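A quick write-up on the structure given underneath.
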There are 4 protein chains.
Amino acid sequence: MKRMPKIGMEPIRRRALIDAAINAIGERGALNVTMSDIAGRAGVSTALAHHYFGGKDDLLFATMRHILTQLGNEIRPVMADLSGQNRVRAIIAINLSPEQFRPEIIAAWLAFYVEARRDAALGRLFRIYVRRLHSDLMSGLSGLPRPAAIRTARAIAALIDGLYLRRALGEGVEDSAAAIALVEDYFDMALARGTPNA
Amino acid sequence: MKRMPKIGMEPIRRRALIDAAINAIGERGALNVTMSDIAGRAGVSTALAHHYFGGKDDLLFATMRHILTQLGNEIRPVMADLSGQNRVRAIIAINLSPEQFRPEIIAAWLAFYVEARRDAALGRLFRIYVRRLHSDLMSGLSGLPRPAAIRTARAIAALIDGLYLRRALGEGVEDSAAAIALVEDYFDMALARGTPNA
Amino acid sequence: MKRMPKIGMEPIRRRALIDAAINAIGERGALNVTMSDIAGRAGVSTALAHHYFGGKDDLLFATMRHILTQLGNEIRPVMADLSGQNRVRAIIAINLSPEQFRPEIIAAWLAFYVEARRDAALGRLFRIYVRRLHSDLMSGLSGLPRPAAIRTARAIAALIDGLYLRRALGEGVEDSAAAIALVEDYFDMALARGTPNA
Amino acid sequence: MKRMPKIGMEPIRRRALIDAAINAIGERGALNVTMSDIAGRAGVSTALAHHYFGGKDDLLFATMRHILTQLGNEIRPVMADLSGQNRVRAIIAINLSPEQFRPEIIAAWLAFYVEARRDAALGRLFRIYVRRLHSDLMSGLSGLPRPAAIRTARAIAALIDGLYLRRALGEGVEDSAAAIALVEDYFDMALARGTPNA
DNA sequence: AATGAATGAGCCTTCATTCAT
DNA sequence: AATGAATGAAGGCTCATTCAT
């Protein structure tokens with residue numbers, strides 16, 4: 001009864017393998033996970049992982065794309081429903097939400113960041129995300145003069161990443177809320193200076 | 001003429017191997033460099049690398065320690081000669097100096113950051129650096145109320161790391177000078193707010 | 001036609017690898033055989049040997065256990081069907097049978113004996129065998145006073161091992177039959193003295 | 001003051017290296033000792049060990065020869081001063097003396113025994129020893145009929161080796177004295193049977 | 001007399017990947 | 001749809017040995 005090959009298993013297996021990859025990377029802390037490990041966590045053979053993804057690089061690429069897509073899915077309604085500084089605050093909150101602050105997610109981010117320096121496809125993926133974040137922030141900073149807006153968007157993005165990085169070491173800010181507060185504090189200052197009469 | 005073994009080679013070889021490791025990591029972008037690669041760049045056999053360092057992990061550890069030591073050597077005179085906001089500005093400038101902004105150095109930082117999550121010794125090394133940077137910054141922020149000083153120190157540190165991270169992707173700020181300007185800008189705001197009458 | 005993977009290969013490969021290990025040890029004369037050599041004799045890659053056994057030590061351990069198990073399988077019926085001096089004589093005959101006197105088996109015994117001094121697991125394996133042989137012999141010597149029985153059991157065991165050792169050099173007794181005769185001769189004397197009226 | 005190259009160091013170094021080899025083999029339990037280990041124990045560089053012995057095999061060969069020579073030196077006076085069964089008893093006592101029963105000596109014996117199966121020179125060395133022991137024993141057994149003498153000599157030799165072997169495992173007989181008693185017991189029986197009227 | 005420096009060769013082990021079923 | 005079987009390639013590490021000094 002155990003073997004009941006059903007049709008339409010593909011999406012289920014793909015998702016299970018991606019989740020397994022995230023978990024594996026999260027635990028190992030880097031991309032030097034083995035296909036064996038990932039497949040084992042997903043409860044399938046390594047051969048099947050190859051069957052569905054083609055190779056290790058492809059699986060890892062799909063995994064990172066999944067993470068970025070998830071993040072994008074959370075951002076989208078913000079862009080639709082909010083504007084101005086509320087939009088910026090929402091973006092900050094989502095990027096530093098407890099969900100994104102989970103250790104295994106941070107580990108995966110970091111590991112992929114490193115790998116992106118060499119893997120062209122991965123690099124493209126990240127650059128798209130980076131630019132999108134920048135333009136999303138800019139769209140919420142239209143109240144500021146353009147040079148100040150650029151500067152502020154860059155600083156917010158850098159703060160977010162920096163807080164991730166230190167979080168990976170277990171140093172720095174305590175938790176998600178503290179991280180958000182820190183960036184908000186910066187944003188408040190930037191706003192106060194940029195819009196004297198607001 | 002090829003074989004001309006002299007005595008006192010140890011420090012020379014050690015240094016050559018560490019430099020080779022930095023270069024290798026810089027090019028490969030991660031810690032999955034091979035001893036073969038490193039040794040080849042240093043112009044020696046892998047056996048010799050093992051002879052002097054014991055193993056791959058030890059060599060990489062020594063490499064990261066070397067990088068941190070170099071940074072520490074640049075910071076030290078600042079701590080001796082400057083104080084107050086000048087001290088803070090000097091720390092920022094050094095951490096984001098063109099030297100530290102070299103691609104291979106950034107790559108090494110990142111790679112080691114990732115690895116530090118699992119390698120206990122490496123983790124300790126980084127935590128020492130992180131805490132030292134924090135206390136160095138704090139010592140230059142005595143003009144601010146303590147909570148504001150803590151917040152500011154954390155933000156500066158996060159900004160520095162975040163700018164590194166984005167730099168690794170070739171995105172974000174253009175160069176060392178722009179990075180410094182960005183952090184200084186933040187610092188100016190924090191000072192302005194913290195010391196109303198200054 | 002070269003690649004025809006079937007299922008259920010595991011026991012076949014394991015056995016082939018163990019046999020190959022025995023042969024390799026027999027030819028090399030010691031445990032410094034290479035996985036490459038063993039795998040080659042078994043007609044498989046070294047990777048497969050690792051796949052099935054985990055590592056060199058595990059394979060060698062399994063090999064020695066196999067040899068001891070084989071011996072145990074020969075002894076078992078003797079313990080079930082015979083008793084008294086017949087039991088003892090049968091044990092002697094089996095331990096020194098032509099099968100056990102094969103050069104490669106002797107070589108393996110010797111090599112493992114040496115290794116057992118350091119490998120804890122191997123040491124345990126041997127000690128179990130040694131004690132079992134002793135108790136088996138004792139059970140056939142119940143006709144003798146206990147001190148004499150102990151002495152006799154020890155002497156028989158030592159004679160068996162000693163004959164092996166010398167056989168390894170190609171010195172001493174000619175063949176299996178001569179070895180058995182030598183130990184039997186001792187046993188006859190021990191019996192004659194121990195049971196004056198028999 | 002530490003470096004005072006004296007003349008006539010050769011015999012001193014050679015002896016130190018041989019002693020170091022015995023210790024190393026005794027601790028490691030097998031011949032897979034390293035030149036580095038041996039040289040270290042002798043307080044010299046590996047290069048010097050090569051200088052004096054030519055290579056690892058040569059050093060190990062010299063080590064075994066040393067052990068056999070030492071044993072021969074103890075036997076010689078016995079052959080000169082004793083005869084008959086006293087000679088035999090003395091040979092037994094020396095071969096199983098506490099000195100020969102030292103763990104490191106047993107380990108070395110065993111290890112060399114194994115190696116002797118392949119190393120021709122070592123094999124020759126051992127065969128000489130085996131034959132000499134046999135002829136020494138025979139010369140003390142002239143009171144027995146020749147076939148009985150041969151059998152007895154072989155049994156005594158096998159008992160000695162067998163007791164060594166089990167001793168290596170920490171099983172069997174308790175100590176040197178018990179080992180000697182066991183062989184003597186056999187010898188008494190053999191004598192009693194062979195010389196009814198003595 | 002002695003050694004530091006250096007290496008080549010070899011071994012164990014891991015792992016992504018392929019293939020027939 | 002899924003897997004067991006199997007391997008090639010590569011990496012880390014060890015060690016005996018050589019050489020110039």
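Chain A is the first sequence line, chain B the second, and so forth, proteins listed ahead of strands; every chain is numbered from 1. For clarity, every value in this text was computed on a predicted model and none was experimentally measured.
What separates NE2 of His51(A) from C1' of dT3(F) is a distance of 11 Å, to the nearest Å. Whole-Å rounding puts the Lys56(C) NZ to dT13(E) P distance at 8 Å. For Asp58(C) and dC12(E), the CG to C1' distance is 12 Å, given to the nearest whole Å. Here dG11(F) presents its P atom at 17 Å from NE2 of His50(C), a figure rounded to the nearest Å. Rounded to an integer number of Å, the gap from CD1 of Ile38(C) to C1' of dC11(E) is 12 Å. Note: CG (Asp57(B)) to P (dG11(F)) measures 16 Å, nearest angstrom. Rounded to whole angstrom, the span from the CG atom of Leu59(D) across to the P atom of dT17(F) amounts to 10 Å. Spacing between atom CZ of Arg13(D) and atom C1' of dA1(E) amounts to 8 Å, rounded to whole angstrom units.
Looking at heavy-atom distances under 4.0 Å, Phe53(D) makes no contact with the nucleic acid at all. Thr34(A) comes within contact range of the sugar-phosphate backbone alone, with a heavy-atom separation under 4.0 Å but no base atom that close.
Between Tyr113(A) and Phe126(A), the two ring planes are tilted [angle within 30° to 60°].
In this structure, the nucleotide among dG8(E), dC12(E), dA2(E) sitting nearest to the side chain of Met35(C) is dC12(E). Among the nucleotides dA5(E), dA2(E), dT7(F), the one closest to the side chain of Leu48(C) is dT7(F).
The partner of dG8(F) is dC15(E), by the rule that a Watson-Crick or G-U pair needs both atom distances under 3.5 Å. Pair check for dT21(E) finds dA2(F); Watson-Crick or G-U wobble, both atom distances under 3.5 Å.
A residue-by-residue look at Ser45(C) and Val33(B) shows that Ser45(C) has its nearest nucleotide of DNA chain F further toward the 5' end. Across the interface with DNA chain F, nearest-nucleotide mapping of Pro11(C) and Gly54(B) shows Pro11(C) to be the residue nearer the 5′ end. Checking Glu10(B) against Thr46(B), the closest nucleotide of DNA chain E that is more toward the 5' end is the one next to Glu10(B).
Arg127(C) places a side-chain N or O within 3.5 Å of a backbone atom of Leu169(D) that can act as its donor or acceptor partner. Remark: the backbone N or O of Tyr52(D) is paired with a side-chain donor or acceptor of Arg14(D) at under 3.5 angstrom.
A distance of 7.5 Å separates OG1 of Thr69(C) from CG of Leu125(C), quoted to the nearest 0.5 Å.
Inter-residue side-chain proximity for Glu27(C) and Val33(C) is flagged as unmet; no heavy-atom pair is nearer than 4.5 Å.
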